[in-house]
Amino acid sequence: DVKVTQSSRYLVKRTGEKVFLECVQDMDHENMFWYRQDPGLGLRLIYFSYDVKMKEKGDIPEGYSVSREKKERFSLILESASTNQTSMYLCASSPGGGDAYEQYFGPGTRLTVT
Amino acid sequence: AQKVTQAQTEISVVEKEDVTLDCVYETRDTTYYLFWYKQPPSGELVFLIRRNSFDEQNEISGRYSWNFQKSTSSFNFTITASQVVDSAVYFCALRLIQGAQKLVFGQGTRLTINP
């Protein structure tokens, strides 16, 4: 079974703090993704990565950065957390190649910024 | 740009009723994939189905069925004889065949099955 794990289920941070959200997958997938989920807006893509040290902006990258130093790990960084970044964050991974494999999701991290 | 619309924000039915979740999509591309995911209370999205734009055949899997109609840009999902365990948020998503593997999600439909 593919397993995508995220470092925390719940996280509370203060405004202005630097926040790291970690995601690890154990199936040697090339592609990894970070989404945020908000009521009424569905899931929106923040950043994704096709390979180690490679990253591409998604639809809402402002206020975020990412790091992928190893194939299995994809980190989302909030450089200076703000209250409007309070949300559920979901990580996903999928195999590379030309076919449209489904994405496998982690359990999510519910981040509250106070 | 691509867009997916799930107009039903919340649906509540009594167990054993049939229920249909609507999904309408927009894209200028002629080749794409459509997906449905289920998000139970635990939070983890679970893949249900993938269809490509070349294949408009409907699909049935147990109590689940999907109706894909390119003419109306719709990919609707029906649960027959609903059960309490079907309670979840359901997402429809679209991905182009060419280019990046990013998914565009709809807003989600929260389905509640009451005993």
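Only this structure's heavy atoms are used, side chains among them; waters, hydrogens and symmetry mates stay out. So that the names make sense, note that chain A is the first sequence line, chain B the second, and so on, each numbered from 1.
Heavy-atom neighbours of Lys70(B) NZ from other residues, nucleotides or ligands within 6.0 Å: above the threshold of 12. Few gaps surround CZ on Arg44(A); more than 12 heavy atoms of other groups in view lie less than 6.0 Å from it.
When all heavy atoms of Phe91(B) and Gln37(A) are compared, the closest pair comes out as CZ-NE2, 3.3 Å. The minimum heavy-atom distance between Phe35(B) and Glu102(A), with the atom names listed, is CE2-CA, 4.0 Å.
When side chains are defined from C-beta on, Glu44(B) does not count as touching Leu90(A), because their heavy atoms never get closer than 4.5 Å. Side-chain contact between Leu45(A) and Phe105(B) is absent, with no heavy-atom pair separated by less than 4.5 Å. Residues Gln39(B) and Phe105(A) are not in side-chain contact: their nearest non-hydrogen atoms beyond the backbone lie 4.5 Å or more apart.
Hydrophobic clustering (ILVMFWY, side-chain heavy atoms < 4.5 Å, transitive): Ile77(A) and Phe48(A) are in distinct clusters. Both Leu111(B) and Trp36(B) are assigned to one and the same hydrophobic cluster, defined by single-linkage of ILVMFWY side chains at heavy-atom distances under 4.5 Å. Met88(A) and Leu78(A) sit in two unconnected hydrophobic clusters of ILVMFWY residues. Membership requires side-chain heavy atoms under 4.5 Å apart, directly or through other members. No path of Ile, Leu, Val, Met, Phe, Trp and Tyr side chains, each step under 4.5 Å between heavy atoms, connects Val4(A) with Leu21(A), placing them in separate hydrophobic clusters. A continuous path of Ile, Leu, Val, Met, Phe, Trp and Tyr side chains, each step under 4.5 Å between heavy atoms, connects Phe74(A) with Leu11(A), placing both in one hydrophobic cluster.
Contacts between Ser42(B) and chain A at a heavy-atom distance below 4.5 Å involve the backbone alone (N, CA, C, O). For Arg9(A), the part lying near chain B is the side chain, with the backbone staying farther off; criterion is any non-hydrogen pair under 4.5 Å.
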Query raised in the report: What do the steps show when you test Leu45(B) against Leu43(A) for side chain to side chain contact (heavy atoms under 4.5 Å, CB included), and what is the final call?
Result: CA-CA 11 Å; Leu45(B) 269 76; Leu43(A) 278 73; 4.0 Å; yes

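Highest contact tally toward chain B, considering only Asn31(A), Asp38(A), Leu41(A), is held by Asn31(A) [criterion: heavy-atom pairs under 4.5 Å].
Within the model, atoms CZ of Phe33(A) and NZ of Lys102(B) stand 10.5 Å from one another, a figure rounded to the nearest 0.5 Å.
For Tyr104(A) (side chain) and Phe47(B) (main-chain N/O), no donor-acceptor pair under 3.5 Å exists by modelled atom type.
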